[in-house]
Amino acid sequence: MSYQIAIDGPAGAGKSTIAKKVAKQKEFIYVDTGAMYRAMAYYLFSNHVDPENEALVAEKCIGADITIQYEKGEQVVLLNGENVNAFLRTEEVGNMASYTSRNPKVRERLTALQKELASKNNVVMDGRDIGTCVLPGADVKVYLTASAQVRAKRRFDELTAKGEICDLQKIEEDIIKRDEQDMNREIAPLKQAEDAVLIDSSSMTIEEVVKKILALCR
Ligand code: DC
């Protein structure tokens, strides 16, 4: 039986940074499910599919073969055999993913892949519906959050460090809009699982959060 650590929470809560560190310590694989939804959004966008056209999204998403590989411990997302990591981290693709991830067909395809990965490997998996839908029997479940203001500032610093020019106010607005969309969709909305431990990282360091999660595993 594989060991499963599920980390859910809103955009910019630090899930991927924390999950990567926990995975390294535990020597588990890290599965970034948001990257899969982003790859799907990128595919639909590249094929000029109108994200509001639910039937068309359902039809076209079948053409996206999304798989995951690990190179030097890093997750590589392959979209129809091509490494698309470089295209996934923009705010535009993230917002689009929040939109297209509402589609039941999209979720069905990606959830099946996520379940399969977790059945064969010890995993730290992060996303929105991991503790509630993808891995309801996970050994450890965490709901990681922080105030919208703190999350926006972190995203702003991350983008600025990469040399991107961005507007803090706009990032905060986008984050609030994305939370709203992710929490209020019909299928697998973002919510804390009943048996998840809530961690508010607003005034915690990365190391403190990692330590807390590792303690939960013991
Ligand atoms: O975690 P992220 O910002 O990379 O996720 C991008 C979007 O993908 C997010 O706004 C909603 C969607 N998503 C989802 O619906 N379910 C998941 N398990 C992960 C992400």
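In each ligand, atom 1 is the first atom listed, and ligand 1 is the first ligand listed.
If you look at Gln114 next to ligand 1, there are no close heavy atoms at all, none under 4.0 Å.
Sorted by first and then second residue, the pairs that involve residues 199-218 and meet salt bridge (charged side-chain N to carboxylate O under 4.0 Å, His left out), not counting sequence neighbours, are Lys21-Glu207. Residue pairs meeting the salt bridge (charged side-chain N to carboxylate O under 4.0 Å, His left out) criterion with at least one partner in residues 111-140, sequence neighbours excluded, are Arg107-Asp129, Glu116-Lys120, Arg128-Asp182.
Near Ser101, meaning under 4.0 Å from any of its heavy atoms, are these atoms of ligand 1: 11 (C), 12 (C), 15 (O). Of all atoms in ligand 1, numbered sequentially from 1 with element shown, those under 4.0 Å from a heavy atom of Arg185 are 14 (C), 15 (O), 16 (N). Close contacts between ligand 1 and Arg38 involve ligand atoms 2 (P), 3 (O), 4 (O), 6 (C) [criterion: under 4.0 Å to a heavy atom].
Using cut-offs of 30° and 60° on the angle between ring planes, the pair Tyr3 and Phe28 is tilted.
Scanning the protein heavy atoms around atom 6 (C) of ligand 1, the nearest turns out to be Arg178 NH1, 3.6 Å. Of the protein's heavy atoms, Arg107 NH2, 3.0 Å lies nearest to atom 16 (N) of ligand 1. With hydrogens left out, the protein atom closest to atom 19 (C) of ligand 1 is Thr33 OG1, 3.4 Å, a heavy atom. Scanning all protein heavy atoms for the shortest distance to atom 13 (N) of ligand 1 gives Tyr37 CD1, 3.7 Å.
Here the side chain of Asp32 pairs a donor or acceptor atom with the backbone of Gly34 at under 3.5 angstrom. Side-chain atoms of Asn83 come within 3.5 Å of backbone N or O of Asn85 as a donor-acceptor pair.
The shortest distance between side-chain heavy atoms of Leu88 and Tyr42 falls below 4.5 Å.
The option with the heavy atom closest to atom 2 (P) of ligand 1, from among Met96, Met40, Arg128, is Arg128.
For a threshold of 3.5 Å applied to N or O pairs, the pair formed by Asp32 and ligand 1 contains no separation below that value. Every N/O-N/O distance between Lys15 and ligand 1 stays at or above 3.5 Å.
Closest heavy-atom contact between Tyr37 and Ala97: O-CB, 3.7 Å.
A donor and an acceptor atom, one from each side chain of Arg154 and Ser201, are located under 3.5 Å apart.
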